[in-house]
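Keep in mind it's a predicted model, so treat the numbers as computed, not measured. Order of the sequence lines fixes the chain letters, A, B, ..., with proteins taken first and strands second; residue numbering starts at 1 for each chain.
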There are 2 protein chains.
Amino acid sequence: MASMTQVPDPAADSASCAGGHRHHAFDVAAGLLEAERVCTAAGESLTPLRRDVMELLLRAHGPAKAYDLLQALTAGAAKPPTIYRALEFLQRMGLAHRIESLNAFIACGIGACAKNAGFLICTACGWAEELLADPVNAALEGAASERGFRIAGAVIEARGLCRDCAPSVATK
Amino acid sequence: MASMTQVPDPAADSASCAGGHRHHAFDVAAGLLEAERVCTAAGESLTPLRRDVMELLLRAHGPAKAYDLLQALTAGAAKPPTIYRALEFLQRMGLAHRIESLNAFIACGIGACAKNAGFLICTACGWAEELLADPVNAALEGAASERGFRIAGAVIEARGLCRDCAPSVATK
DNA sequence: CGGGATTTGTAATACTATAACATACGATAT
DNA sequence: ATATCGTATGTTATAGTATTACAAATCCCG
């Protein structure tokens, strides 16, 4: 059986959807333009491979697993390092994030945020909404500084039910 | 070569340490007593196997990897499900936590906290200090409720330098 | 064109985790 | 005591995630 994550087949566009996830989506065209812009500004190049991976992330209806992305690239001919290298590059550019608690990756929903994002991960529909987690980071900084700890980065991932899914799951 | 995580050999006590981590440690005896108490209160039993795993976590000088714990149990004769089951039990009891960004496990430093903890993970010494992350959770709740999201649980993990390590790493 | 840096391809392997089923153990009811 | 049931542990196999190491191709610049 196929994996749970929704990596689109190459022909699909963002309006249609094979799974039950009609709600959330990225703007693929805008995301790719932004990606080009960010890479150019950083003096790096968005190669065809990297662009393809970025596009898969943008078309995905939620966090995507590395091996699913790999499978979607040229019908699975690519090897693991291919996808991990592309993902690492996109993360370095702030164009994608890794979600630790899912072992999955998602396009940046904010527009190449270089800094600590947070995610609200819906356990019903699988979508992960990105937060520019400034208040959360501030609280974390406060707790850290009390202990003399200097934060370099943080993982902030909440799981629960999104606005659309809460009604259908909690019947009461 | 051996793994990076510090799982003690059975003879070591909490005062001695093979690695460079002299600073942080759990109180092993107190932790085991607390574990007994919590399990009894929950109507569950801290079997010898679970107790051994708890003890390994308490003796570890930082987050421990599942396969290292496995190796440390009866000199490596145990199979993976053994350790994952024990860890799952300990997590269910609030006696241990999983650190997602490290794929590692650590004894609860607060005393069987059932709820969302946060961690400050030092990238120099490997220690992970546990926070009862109430202000952080409050900030997260605030951001979530703005979006109609109901949080069931959260992963909060900061990495950086602890008080003891910051001076030795940042020379400037 | 030469040469160095970057990117991609490929093979092999390491690391992390779970499924599925078998066996053993412990409490309780008869 | 023993039948039985639930819980815990043992065991085999496999699934899923990620990295190392090296080779080949490509690109840019002089």
Q | Euclidean distance, B:T123 OG1 relative to B:R159 CZ, rounded to 0.5 Å | A | 8.0 Å
(Q) Test: ring pair (Phe, Tyr, Trp, His ring centres under 6.0 Å). Region: residues 116-143 of chain A. Which pairs qualify, not counting sequence neighbours? (A) A:H24-A:W127, A:F26-A:W127, A:H97-A:F119
Q: Counting heavy atoms from C-beta on, name the nucleotide in C:dT8, C:dT16, D:dT11 closest to the side chain of B:T82.
A: D:dT11
Q. Using a cut-off of less than 4.0 Å, is there contact between a side-chain N or O of A:K65 and OP1 or OP2 of D:dT17?
A. yes
Under 3.5 Å, which donor-acceptor pairs do the side chains of residues 31-42 of chain A form with other protein atoms, sequence neighbours left out?
| from | atom 1 | to | atom 2 | distance (Å) |
| --- | --- | --- | --- | --- |
| A:E34 | OE1 | A:R37 | NE | 3.1 |
| A:E34 | OE1 | A:R37 | NH2 | 3.3 |
| A:E34 | OE2 | A:R37 | NH2 | 3.1 |
| A:T40 | OG1 | A:E36 | O | 2.9 |

(Q) Distance check needed: C:dT6 P versus A:R92 CZ, whole Å only. (A) 10 Å
Q) Touch check for B:E88, heavy atoms < 4.0 angstrom, all strands: base, sugar-phosphate only, or nothing? A) nothing
Give each protein N/O atom lying under 3.5 Å from an N/O atom of nucleotides 23-29 of chain D, with the pair distance.
none

Q. Between A:E100 (CD) and D:dA18 (C1'), how many Å, whole number?
A. 12 Å
Q. Run the side chain to side chain contact (heavy atoms under 4.5 Å, CB included) check on A:I121 and A:S101 step by step: do they pass?
A. CA-CA 10 Å; A:I121 303 163; A:S101 57; 3.8 Å; yes
Q.
In whole Å, I'd like the distance from the CG atom of A:L69 to the C1' atom of D:dA18.
A. 14 Å
Q) Closest nucleotide of DNA chain D for B:K79 versus for B:S45: which of these residues is on the 5' side? A) B:S45
Q. Expressed in angstrom and rounded to an integer, what is the separation of B:Q71 atom CD from C:dA14 atom P?
A. 14 Å
Q.
My understanding is that only residues two or more places apart in sequence, or in another chain, count here; which of them pass side-chain contact (heavy atoms from CB on, under 4.5 Å) with B:S145?
A. none
Q. For the pair made of CZ in B:R50 and C1' in D:dG10, what is the distance, rounded to whole Å?
A. 14 Å
Q: May I have the distance from A:D68 (atom CG) to D:dT17 (atom P), rounded to whole angstrom?
A: 8 Å
Q: Sugar-phosphate means primed atoms, P, OP1 and OP2; the rest is base. With that split, encode nucleotides 17-26 of chain C 5' to 3' as B, S or - using protein heavy atoms under 4.0 Å.
A: BBB-------
Q. Taking only residues at least two apart or on different chains, which pairs with a member in residues 139-148 of chain B satisfy salt bridge (charged side-chain N to carboxylate O under 4.0 Å, His left out)?
A. A:E129-B:R147
**Q.** Nonpolar side-chain network containing A:L120, other nodes, edges under 4.5 Å
**A.** A:L131, A:V136, A:L140, A:F149, A:I151, A:I156, B:L120, B:L131, B:V136, B:L140, B:F149, B:I151, B:I156
Q | With sequence neighbours excluded, residues passing side chain to side chain donor-acceptor pair (under 3.5 Å) with A:R98 | A | A:E100, A:N103
Less than 3.5 Å apart, which donor and acceptor atoms pair up between the side chains of residues 71-93 of chain B and the rest of the protein, not counting sequence neighbours?
| from | atom 1 | to | atom 2 | distance (Å) |
| --- | --- | --- | --- | --- |
| B:T82 | OG1 | B:K79 | O | 3.3 |
| B:R92 | NH1 | B:E44 | OE2 | 3.4 |

Q. To the nearest Å, how far apart are A:L90 CG and C:dT7 C1'?
A. 14 Å
Q.
Can you measure B:D52 atom CG to D:dA8 atom C1' for me and round it to whole angstrom units?
A. 14 Å
